[in-house]
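The analysis underlying the following values was restricted to heavy atoms, covering all of them including side chains, and did not include hydrogens, waters or symmetry mates. Whatever order the structure lists them in is the order used to number ligands and atoms, beginning at 1.
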Amino acid sequence: MPKINENNIPLQKITANFLTQKKIELYVLREDLIHPEISGNKWRKLKYNLQEAKCKGFNQLLTFGGAYSNHIAATAAAGPDFGFKTIGIIRGDEISPLNATLQLAQGNGMIFKYISREQYRANNKYETTFIKELEKEYGQFYLVPEGGSNTLAVKGCTEIINNIKIDYDVICCACGTGGTLTGIIASVNNDKRVLGFSALKGGSFLEKDIRKLLFDYSVQYDCNIENMNWELITDYHLGGFAKIKPELIGFIREFKENHNVVLDFIYTGKMLFGLYDMIKNSSQFDNKTIIVVHTGGIQGNKGFEDRLNIAI
Ligand SMILES: *Cc1c(COP(=O)(O)O)cnc(C)c1O
């Protein structure tokens, strides 16, 4: 298992004519290089949860996710490295053969339990009766929430900016639950503009979740959140969560060809697609230095490439 590399994350400059014309400097913070399977924000979000679980004497982690979830893959991969057994509660019917994400997770020793979409959606995942049933089945475990977003996860995500050694005006990240964005908002100075690109359709409900995460974080760590200059961009889900349109595939291919950076289909591909569109169609970023956080997720690409019969 390769080691976690969280302190020497390169900032890769992206050069393109349209950026030069607008005097924009664009950098990708390569958090995807932290680890091939526990990549990007999923490491940041797990880090203090793993410490907490160890500290409290647990030897098992249990978490929730969809069949292509980067969080499932990351939690499974963290298991053997950090000395935990892992249990994944997977949304939907059992799939056979397993897709690439679940194969990877199983290879790292994760045990799966499939629950119906209805049961999953009923949103009783953290209800005590359901948890008690799971404890009866598996024994005591440390519960990592779906997508990994809790206050400890936000704390981990406040460390993302530590690797940025240059001055900048704007910082962007992709959003699912908003935990990563919350960590960035909580850590940057208030002269920075923070943009979150929602991977979900109608993602504005996320704003409420982010406010709650910010509040919980500020109470837990007794700190003031200074940065109010954050915004959720909800126009670039490109058909909805994990929906993949041809223009997105084209964009990701071109980005790899031009910059040798692989983006994922669900999050970072759509964020950069959106940012490019905004840069080209407005002047709000002219003369600015922009940092884009590559939150990883590349492990998920294989499953999509297999399913769509394409290669990036
Ligand atoms: C999970 C994930 C996100 C979303 O992170 P949240 O903290 O849930 O908003 C963004 N990018 C990638 C690559 C992810 O895997």
Side-chain angles (χ1 to χ4, degrees), residues 9 28-49 63-78 100-101 104-105 144-160 171-187 194-200 203-214 216-217 230-234 236-238 241-242 244 248 252 255 261-275 292-304:
I9 303 300
V28 176
L29 183 65
R30 298 291 308 274
E31 291 262 306
D32 56 309
L33 300 176
I34 288 181
H35 186 285
E37 293 169 21
I38 319 176
S39 76
N41 64 343
K42 297 307 183 282
W43 163 250
R44 300 285 178 193
K45 292 163 81 165
L46 278 172
K47 179 178 175 184
Y48 290 106
N49 278 292
T63 197
F64 298 86
Y68 292 89
S69 160
N70 295 324
H71 168 66
I72 288 288
T75 306
T101 298
L104 200 77
V144 186
E146 179 178 20
S149 284
N150 54 14
T151 307
L152 290 169
V154 171
K155 176 177 154 96
C157 291
T158 63
E159 296 175 358
I160 291 173
I171 181 164
C172 305
C173 87
C175 296
T177 62
T180 308
L181 184 72
T182 304
I184 293 173
I185 296 168
S187 56
V194 185
L195 298 181
F197 288 76
S198 176
L200 292 94
S204 50
F205 66 88
L206 260 182
E207 248 177 66
K208 207 171 98 228
D209 295 353
I210 292 164
R211 283 183 207 290
K212 172 153 188 352
L213 282 166
L214 278 170
D216 291 348
Y217 179 81
W230 63 274
E231 196 182 329
L232 201 59
I233 311 290
T234 56
Y236 297 102
H237 55 73
L238 304 184
F241 186 71
I244 294 162
L248 177 69
I252 290 176
F255 202 85
V261 177
V262 179
L263 303 171
D264 82 293
F265 291 99
I266 302 181
Y267 296 103
T268 56
K270 291 182 180 180
M271 165 183 60
L272 269 149
F273 183 98
L275 180 64
V292 163
V293 181
H294 192 325
T295 37
I298 304 306
Q299 73 76 27
N301 282 14
K302 178 150 193 334
F304 285 105

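Within the 4.0 Å heavy-atom shell around ligand 1 one finds Lys45. Put simply, part of Ala174 is less than 4.0 Å from ligand 1, judged by heavy atoms.
Residue pairs meeting the salt bridge (Lys or Arg N to Asp or Glu O under 4.0 Å) criterion with at least one member in residues 144-156, sequence neighbours excluded, are Arg91-Glu146, Lys125-Glu146.
For atom 11 (N) of ligand 1, the closest non-hydrogen atom of the protein is Thr295 OG1, 2.6 Å. Distance from atom 13 (C) of ligand 1 to its nearest protein heavy atom, with residue and atom name: Gly296 O, 3.1 Å. Ranking the protein heavy atoms by distance from atom 2 (C) of ligand 1 puts Lys42 NZ, 2.4 Å first. The nearest protein atom to atom 3 (C) of ligand 1, hydrogens excluded, is given as Asn41 ND2, 3.2 Å; this is a heavy-atom distance. Protein heavy atom at the shortest distance from atom 4 (C) of ligand 1 is Gly176 N, 3.4 Å.
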Worked check of side-chain hydrogen bond (donor to acceptor under 3.5 Å, both in side chains) between Asn70 and Gln299: CA-CA 7 Å; Asn70 295 324; Gln299 73 76 27; 2.7 Å; yes

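A side-chain contact (heavy atoms from CB on, under 4.5 Å) with Leu195 is found for one member of Leu181, Ile233, Val292 and no other, namely Ile233.
Of the N or O atoms in Gly178, one or more lie within a sub-3.5 Å distance of an N or O in ligand 1.
Legend: residues meeting ring-ring contact (aromatic ring centres under 6.0 Å, His included) with Phe197, ordered by chain and number and at least two apart, are absent.
Within the set Thr177, Thr182, Leu213, the minimum heavy-atom distance to atom 8 (O) of ligand 1 is found for Thr177.
Ring planes of Tyr267 and Phe241: perpendicular class, angle over 60° (limits at 30 and 60°).
Distance NZ/Lys42 to OG1/Thr180: 6.0 Å, rounded to 0.5 Å.
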